[in-house]
Protein chains: 2
Amino acid sequence: MTDVLPDARAARPPEPATDRALRRAGRRGRASDRYPLPVVARVTLSDVARQAGVSLATASRALNGSSNRTVQPALRERVVAAAAELRYAPDANAQAMARGATTSVGLVVHDIADPYFSTIAAAVTRAADRVGLHVTLASTQNEADREIELVALMQRLRARAVIVAGGRLADPDREERLRAALLDLQAGGASVALVGQPLDGVDSVVIDNAGGARDLALALWGLGYRRAAILGGPTDRLTAQNRRDGFVTAWAGAGGRIDPADVVHGAFTWEGGAEAMTTLLRTRPRPEVVFAANDVMALGALSAARALGVRVPEDVAVAGFDDIATLRDVVPGLTTVRIPLDEAGEAAAELALTPRGDEVRATEIRTEVVLRDSTPPRG
Amino acid sequence: MTDVLPDARAARPPEPATDRALRRAGRRGRASDRYPLPVVARVTLSDVARQAGVSLATASRALNGSSNRTVQPALRERVVAAAAELRYAPDANAQAMARGATTSVGLVVHDIADPYFSTIAAAVTRAADRVGLHVTLASTQNEADREIELVALMQRLRARAVIVAGGRLADPDREERLRAALLDLQAGGASVALVGQPLDGVDSVVIDNAGGARDLALALWGLGYRRAAILGGPTDRLTAQNRRDGFVTAWAGAGGRIDPADVVHGAFTWEGGAEAMTTLLRTRPRPEVVFAANDVMALGALSAARALGVRVPEDVAVAGFDDIATLRDVVPGLTTVRIPLDEAGEAAAELALTPRGDEVRATEIRTEVVLRDSTPPRG
DNA sequence: TTGTAGGCGTTATCAG
DNA sequence: CTGATAACGCCTACAA
C-alpha cells in the first residue's frame, strides 16, 4: 500500500525550519541591536519544497518562476499548496541578492509632513506601485548634511532608483559631496533623479522658481503694491534663494526696491515663517505686501500677524509659493505660485524608472501665479 | 627587494569585481524586469579585503565590526582606507541575510498626501531615525484590499517592525484576513502596531474617534445649532463610522435628530467631501451645520459650498475632524476635533520598536474639540 | 521537465 | 588577533 505516501520524497525526515531558527536565535546580538528580534521560526523555500516533495529549484520556479516557466501544473499546484499551508513568504532580501537587484525606489525629502514633499511622495509612490516597486522613504529633517548620508543609505540599500526631492544647497562644497554620492549611486547601477534644481551629471525635474517669483512680483506690482518685504526661507537652500532673487529682481525691474534689510530669513517651516514675520512686523515700517518663500511659511506668517493684531489683507497682504492643496479652498485664499507637484513627482519617477542614454535629461515644470484674496488690488 | 609589495597577499592576481559584474550583466533578465539595470561594477567587501591585503573576515570586522571589535588599529586603518578608495558601500541586503535581520520599519498608510498620514509618517520616520532604522512606505491609495497586500509586502521585505496607520475596516471578512496577515508578520518576528482602532492580538494606538465626535456634537449643540447633517466618509472605514455614530448618538442624546438621509457618504478625500456637500446642498433642506468626517473632506465641502453660492459660516456652518496643521491658521478657522497626530505616530513607533511581553498593548490618544470661526454661536 | 550545485555579499563560528 | 569556511535564502546555469 504505497498510497499512504503520495510521494516517496515526502517520506524524508521532516527536520523542520524551527531548528534553524532556534540556532539563529542563539547567536549573540550585535551592539547595534537595540531591538533584538524574538525567537521565531521563519519558513523558507526549502521547507516548502520538502513539504511539497520537490526540489528547491522546482519550488523556486513554481512560486517565483522566471521567464521560462516550466513546471508541470500538478507539481506547481503541490508547491503552491505547500506554500499556502506553511504561510510561506519569500525573503525579498535573499531574492535581491540572488537576482542582483532590489525592488526598491529610494525617496529623499526634507520633511514628509510638509505638503510640498508629501505631494511629491504620493506621486512617486503611485508611479513605483505601477511598476511593482516599493519606496523607501528617508527624511533629512531639514538638516543639510543628512541629505548626503541618506543618499549613501540608499546606496547601501541598493535602491534601484533614487529620487532626491530636496532642492540643491547654496553651499558648493556640500553640493560637490552630494554630487559625488549621486554619481556613486549611478555607478552602482541605480538611476537618479532630482527634483528642484539641476546638478551636473544627474537627471532632474527643474522647477522654475525664479520665473514663478518674477511673475508673482509683476502681478503684485500690477495690483498696485509698491512696498514689499520677503520672508526669505533658509539662506543655504537654492530654492529659497532663487525665489528671493527672482522676486527682488523683478520688483526692481518694475521700478520698485526691496532693501536687503527687508528680506528676513527663516526655516522653510511654519515656525520659520512665524518668526520671520514677527521680526519683520516688529522692527521695520510695515510693508504693503509680504512674500513668503513658501506656503507653509506664509501660514506661519498669517498666524504671527494675527498674534500681533495685524490684519491680513487689510493691514498687510501676504503671498506664498507652492500652492499646496490644503490651502486652495480656504477663505480668504492665499495668493501663491502654483507648482504642479503631482506632475513634478510623476516626472521624477519617470526619469528615475526609465533607462536613460548618455545625455543627462531634464524635465521642466512651469509655475503659475494664482491670485487670491490675500493680495487684493490696492487702490 | 620585497618592499615593492607591502604585503605578500597583495600580490594575488587582481581579478577585479568587474568580471563578476560583467558576468552578472550577462544573465537574461526576468520577465518582471521592466527596468533592467545597466552593466555596472559593484565593489564588494572582498575587493576591499584584497586591496587592503587582509582576509574577508578581517575586513568585515574592521568596517562593520560587531560587538567584539578586535582588529589591530593598523589593519583597521588599511581596511578603512581601502574602502574609502574603492568607494565601498556595504550591501544592506547581504547584511540582512547574514545577520538575520533588516533595519527596515514598514509603514502602511492610505494616502501619504493626506496630512493625516503624512504627519504620522513624519513622526514614525523621526522615531525610526533615532534608533538607526529606515522606513519603507507603502500606500493603499485608498483601496481596502491593498492593505493586506502591503502587509504581506512588509513581510517579504522582512521589516523588523510594521506600523499600519490605516484604521480598521467595517468588513469583518477583510478584517480577519488583515488580522491573519498581521499575526503572520508577528510570527515571523516583526513587531506590529496599529493606529486607529484596536485589533485582537495586535498592539495599537487607539484614537477616540467616537468620543471626539460626541464632544463636538455637544459643543455645537451648545452653540445653538439644531439641524445638523453629516458628510460621513467611506461606509467601509471604521474610523468614519465611529465618528458618524458618535456624532449622531450625542446629537440624539442632546435632544436633536439626524435623519439617516442627512448622512451623505463619500471618500475621505477633498473630492469626496465636495461631492457629498454638493449632494447635500442640492437635494435636502439646508442644515444649519455640516459635520465632515475629516478635515480634508471639510475643505472639499467649503469649496463646494462656495461653488453653489452658499456662504460659510453665514449660510451654513462647517466642522471637520483631525485638526491638520496647515488649516490651523487660516481665517476663518475650521472648527474641528484635534488629534495629536505626532503623538499618535510617536506612540505607534514606540510600540513597534519596543519589545513587548505577552499582553497586547494599547496606547490611548485623547481628542479635543477646537471651536473656530466656521461654527459661530448661533443666535 | 526536474534536480544538482554554485554563487550572490556578508557575518559568525571555530581553529590557528 | 586573524583567517578559513560554513551559513543566510534564493536563483539559475548546467546536467540529467
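- The A:V71 side chain lies nearest to C:dT2 when the options are C:dT2, C:dG3, C:dT11.
- Atoms CZ (B:R99) and P (D:dG9) sit 16 Å apart, rounded to a whole Å.
- Phosphate proximity of D:dG9 to A:Q95: absent, as no side-chain N or O sits under 4.0 Å from OP1 or OP2.
- Residues A:G201 and A:Q186 approach most closely at O-NE2, 3.4 Å, considering heavy atoms.
- D:dG9 atom P lies 12 Å from atom CZ of A:R50, rounded to whole Å.
- Listed candidates were D:dC10, D:dG3, C:dG3. Nearest to the side chain of B:S55 is D:dG3.
- For a distance-only test at 3.5 Å, the side chain of A:R158 fails to qualify as a donor-acceptor partner of the base of C:dG9.
- Here the side chain of A:N64 is nearest to one of D:dG9, D:dC11, C:dT4, namely D:dC11.
- Here C:dG9 is the nucleotide among C:dT2, D:dG3, C:dG9 with the atom lying nearest to any side-chain atom of B:A98.
- Between D:dG3, C:dT10, D:dA13, one nucleotide has an atom nearer to the side chain of B:L45 than all others, and that is C:dT10.
- Distances from the side chain of B:D91 to the nucleotides D:dC10, C:dG9, C:dT11 place C:dG9 closest.
- Without hydrogens or angle criteria, B:H110 side chain to B:G166 main chain gives a donor-acceptor distance under 3.5 Å.
- A:R160 contributes no side-chain N or O that, together with a main-chain N or O of A:S104, makes up a donor-acceptor pair within less than 3.5 Å.
- Looking at the side chain of A:M97, the nearest of the listed nucleotides D:dG3, D:dG9, C:dT1 is D:dG9.
- For the pair A:L63 CG and D:dG9 C1', the computed distance is 13 Å after rounding to whole Å.
- Taking side-chain N and O atoms only, A:T58 has a distance below 4.0 Å to OP1 or OP2 of C:dG3.
- Contact annotation: A:S60 side-chain N/O to D:dC11 OP1/OP2 distance is under 4.0 Å.
- Here D:dA13 is the nucleotide among D:dT2, C:dG9, D:dA13 with the atom lying nearest to any side-chain atom of A:R61.
- Looking at heavy-atom distances under 4.0 Å, B:L56 makes contact with a base.
- As rounded to whole Å, 12 Å separates atom P of D:dC8 from atom CZ of A:R42.
- Between the side chain of B:R78 and the backbone N or O of B:A52, at least one donor-acceptor pair lies under 3.5 Å.
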Would A:R174 and A:D145 count as a salt bridge (Lys or Arg N to Asp or Glu O under 4.0 Å) if you check the C-alpha gap in whole Å, the side-chain angles of each, and the deciding distance to 0.1 Å?
-> CA-CA 8 Å; A:R174 279 221 198 77; A:D145 283 328; 2.5 Å; yes

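- Rounded to whole angstrom, the span from the CZ atom of A:R78 across to the P atom of C:dT1 amounts to 16 Å.
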